[in-house]
Protein chains: 2
Amino acid sequence: MPRRPSTDQPGVRSRILDSALREFSLKGYHRAILDEIAAGAGVSKGAVYWHFENKGELFLAVIRQEVSRLIEHVKVVARGSGGSVVARLRAVIAAAVTYYADHPEFCSLLQLSALPGGLELTREVEGMARDMYRQGREMVGALVREGVHRGELDAGRAGVAAPVLVALLDGLMSQWIVDRRAVPLRRLAPDVAGAFLEGIVKRAD
Amino acid sequence: MPRRPSTDQPGVRSRILDSALREFSLKGYHRAILDEIAAGAGVSKGAVYWHFENKGELFLAVIRQEVSRLIEHVKVVARGSGGSVVARLRAVIAAAVTYYADHPEFCSLLQLSALPGGLELTREVEGMARDMYRQGREMVGALVREGVHRGELDAGRAGVAAPVLVALLDGLMSQWIVDRRAVPLRRLAPDVAGAFLEGIVKRAD
DNA sequence: TCCTACATACTGACTGGTCAGTATGCAGGT
DNA sequence: ACCTGCATACTGACCAGTCAGTATGTAGGA
């Protein structure tokens, strides 16, 4: 239990979190070593155990911080400036993709956290991944419902649109991580949005 | 180096692979213990080291086997019975989704193998994941080119269709793994195919 | 067809390195 | 004098990998 620090050295805790993010995203949970996380933060292992109960809790804290940052980043865009729903969906896709491309360490961490429960760590991490996906689907779902209501989107697709868009973004990230050249995230983003919105089938015009 | 066995106990090697698949997919690479893999196969640790160089090679062997099974399974469907490209794309989506749903251990393993290089294991595993995604994109890409040539698919979407479909399938699997109720793979499959092919935007009819 | 001389395919006890977690010390603030 | 916020040194469990030993073949000579 991290006793609430009062005369804290400014930022020790967040420096530990930063260093932990680096190490975990570079080496994974098991190969990340507490002594090196501590060294990376310029403190000792004692400091880590002062601020965090154990390695697992540190990992959870890192994930919590990073996930909430992404969610916040995308939510702002989704609430949007009141344009059309289609425009806001395009913006959401662009925002997510941009965030991925700007935060590769975050992507690594996300892949780790989205592993099936038991792999790598505890069920708790799996629960966080589940929540994250849910929040993503909920956000997209709300947008889609609005779009259907406004007559912009097809009512028949309302049910799958959310899991499909979340899957799309997640899966693109996975491909990008292992092969950045083959899947140039940023460049693809507009076309991806187009394909998601309008499909790939040729229609009469 | 596994010298070719002649008086092999029938199936020891494949029993080890089966047990390793179970353990790795249940516990991940690091928490899977060789003694338990051996016990699960009904042999001793020595037998594991007789057939495989080390733990990493065993992991690679398991992944290779499983990935090539999926690829083969889907490729057969993609070559298809000569129907329309759209029909074959639907069939590919259904085949992949069905395969996922029927082989949850495989899904866990796939998630593990698709981790960024260095996480969990070596660059070699990352290379396999890269190859797998490439093969997937290539397969879809060939289908899409045929579809464009036949006038079924929109030429403007030809470039993104492959990474998008691969992403879609991969991302759906990820969501399904951590939350099977919220993302009922099999039931969603047809609608997913519809969304991918025709998009979600409402069009005038 | 039986014996010799190996080869194959294991067994299971042991070792050595690694690393999470702990015990203890200690400086500065109050 | 005591608490906070660390630093340092240590412990012990865990587990990959090793290796001497064994049991079961089997090819070839006599």
Side-chain angles (χ1 to χ4, degrees), chain A residues 1-24 26-63 112 118-122 124-125, chain B residues 1-24 26-63 112 118-122 124-125:
Chain A
M1 219 163 323
R3 304 89 162 150
R4 300 277 79 221
S6 57
T7 58
D8 205 0
Q9 282 288 36
V12 166
R13 188 188 152 94
S14 73
R15 261 160 51 216
I16 294 174
L17 282 172
D18 286 351
S19 174
L21 170 60
R22 277 197 303 277
E23 293 293 317
F24 283 134
L26 217 61
K27 302 177 186 168
Y29 179 76
H30 294 280
R31 287 178 40 210
I33 291 153
L34 284 180
D35 285 298
E36 289 181 13
I37 292 176
V43 295
S44 72
K45 189 151 68 171
V48 175
Y49 275 90
W50 175 253
H51 287 280
F52 302 92
E53 188 144 2
N54 51 39
K55 192 183 182 183
E57 286 301 317
L58 174 58
F59 186 64
L60 275 170
V62 172
I63 294 188
L112 269 181
L119 298 195
E120 198 72 8
L121 202 54
T122 64
E124 234 172 320
V125 179
Chain B
M1 219 166 321
R3 303 99 165 138
R4 297 278 77 220
S6 58
T7 58
D8 205 358
Q9 283 289 37
V12 165
R13 189 188 153 96
S14 74
R15 261 158 52 212
I16 294 175
L17 282 171
D18 287 350
S19 175
L21 170 60
R22 277 197 304 277
E23 293 293 318
F24 283 134
L26 218 62
K27 303 178 185 168
Y29 179 76
H30 293 282
R31 286 177 41 209
I33 291 154
L34 284 181
D35 283 298
E36 290 181 12
I37 291 176
V43 296
S44 73
K45 186 150 69 172
V48 175
Y49 276 91
W50 177 254
H51 287 281
F52 302 93
E53 190 141 4
N54 52 39
K55 193 183 182 183
E57 286 300 318
L58 173 58
F59 186 63
L60 276 171
V62 172
I63 294 188
L112 271 180
L119 298 196
E120 198 73 7
L121 202 56
T122 63
E124 233 172 321
V125 179

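Every chain is numbered from 1 and lettered A, B, ... according to where its sequence line falls, protein lines coming before strand lines. These numbers come from the heavy atoms of this one structure, side chains and all, not from hydrogens, waters or symmetry mates.
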Checklist entry - How many angstroms lie between atom NZ of Lys55(B) and atom OH of Tyr49(B), to the nearest 0.5 angstrom? => result 8.5 Å

Checklist entry - When all nucleic acid strands are considered with a 4.0 Å heavy-atom cut-off, which category describes Ala47(B): base, sugar-phosphate, or nothing? => result base

Checklist entry - How would you label the contact of Ala32(A) with the nucleic acid (heavy atoms, under 4.0 Å): base, sugar-phosphate, or nothing? => result sugar-phosphate

Next on the checklist: If I compare all heavy atoms of Arg13(B) with all of His51(B), which pair ends up nearest, and what's the gap?
Outcome noted: NH1-O, 3.5 Å

Item to check | Listed nucleotide nearest any side-chain atom of Ser44(B), set dT11(C), dA9(C), dA16(D) | outcome: dT11(C)

Item to check | Value in whole Å for how far the P atom of dG12(C) lies from CG of Leu34(B) | outcome: 16 Å

Next on the checklist: Rounding to an integer number of Å, can you tell me how far Trp50(B) CH2 sits from dA16(D) P?
Outcome noted: 21 Å

Checklist entry - 5'-most contact on DNA chain C: Asn54(A) or Gly46(B), nearest heavy atom basis? => result Gly46(B)

Checklist entry - Could you state the CZ-P distance from Arg15(B) to dC10(C), rounded to the nearest angstrom? => result 8 Å

Item to check | Rounded interatomic separation in angstrom, taking NZ from Lys27(B) and C1' from dC15(D) | outcome: 13 Å

Next on the checklist: To the nearest 0.5 Å, what is the distance between NZ on Lys27(B) and CG on Leu112(B)?
Outcome noted: 13.5 Å

Checklist entry - Would you say a side-chain N or O of His30(B) is under 4.0 Å from OP1 or OP2 of dC14(D)? => result no

Next on the checklist: Rounded to whole Å, how long is the line connecting atom OH of Tyr49(B) with atom P of dC14(C)?
Outcome noted: 18 Å

Checklist entry - dT11(C), dT8(C), dT8(D): which one has an atom nearest the side-chain heavy atoms of Val43(B)? => result dT11(C)

Checklist entry - In terms of the angle between their ring planes, are Phe59(A) and Tyr29(A) parallel, tilted or perpendicular, with boundaries placed at 30° and 60°? => result perpendicular

Checklist entry - How far does CG of Leu58(A) sit from CD1 of Ile63(A), to the nearest 0.5 angstrom? => result 10.0 Å

Item to check | Contact summary for Ser19(B) and Ile37(B), nearest pair of heavy atoms | outcome: OG-O, 2.7 Å

Checklist entry - Does a side-chain heavy-atom distance below 4.5 Å link Leu17(B) with Phe52(B)? => result yes

Checklist entry - Could you state the CD-P distance from Glu57(A) to dA20(C), rounded to the nearest angstrom? => result 15 Å

Next on the checklist: If I take atom CD1 in residue Ile16(B) and atom P in nucleotide dA9(C), what distance separates them, rounded to the nearest angstrom?
Outcome noted: 12 Å

Checklist entry - Just checking Ala38(A): base, sugar-phosphate only, or nothing, at a heavy-atom cut-off of under 4.0 Å? => result nothing

Checklist entry - To the nearest 10 degrees, how far apart in direction are the end axes of the helix from dT1(C)-dA30(D) to dT30(C)-dA1(D), each fit to five base pairs? => result 10°

Checklist entry - Tell me: CZ of Phe52(A) to C1' of dG5(D), nearest whole Å? => result 14 Å

Next on the checklist: If you go through the side-chain atoms of Lys45(A), does one of them form a donor-acceptor pair with the base of dA7(D) closer than 3.5 Å?
Outcome noted: no

Checklist entry - If you check every side-chain atom of Ile33(A), which of dA9(C), dC19(C), dC6(D) has the closest atom? => result dC19(C)

Checklist outcome for this item: Residues passing the side-chain hydrogen bond (donor to acceptor under 3.5 Å, both in side chains) test with Glu124(A), sequence neighbours excluded, are none

Checklist entry - Between dA20(C), dG17(D), dC6(D), which nucleotide has the shortest distance from any of its atoms to the side chain of Lys55(A)? => result dA20(C)

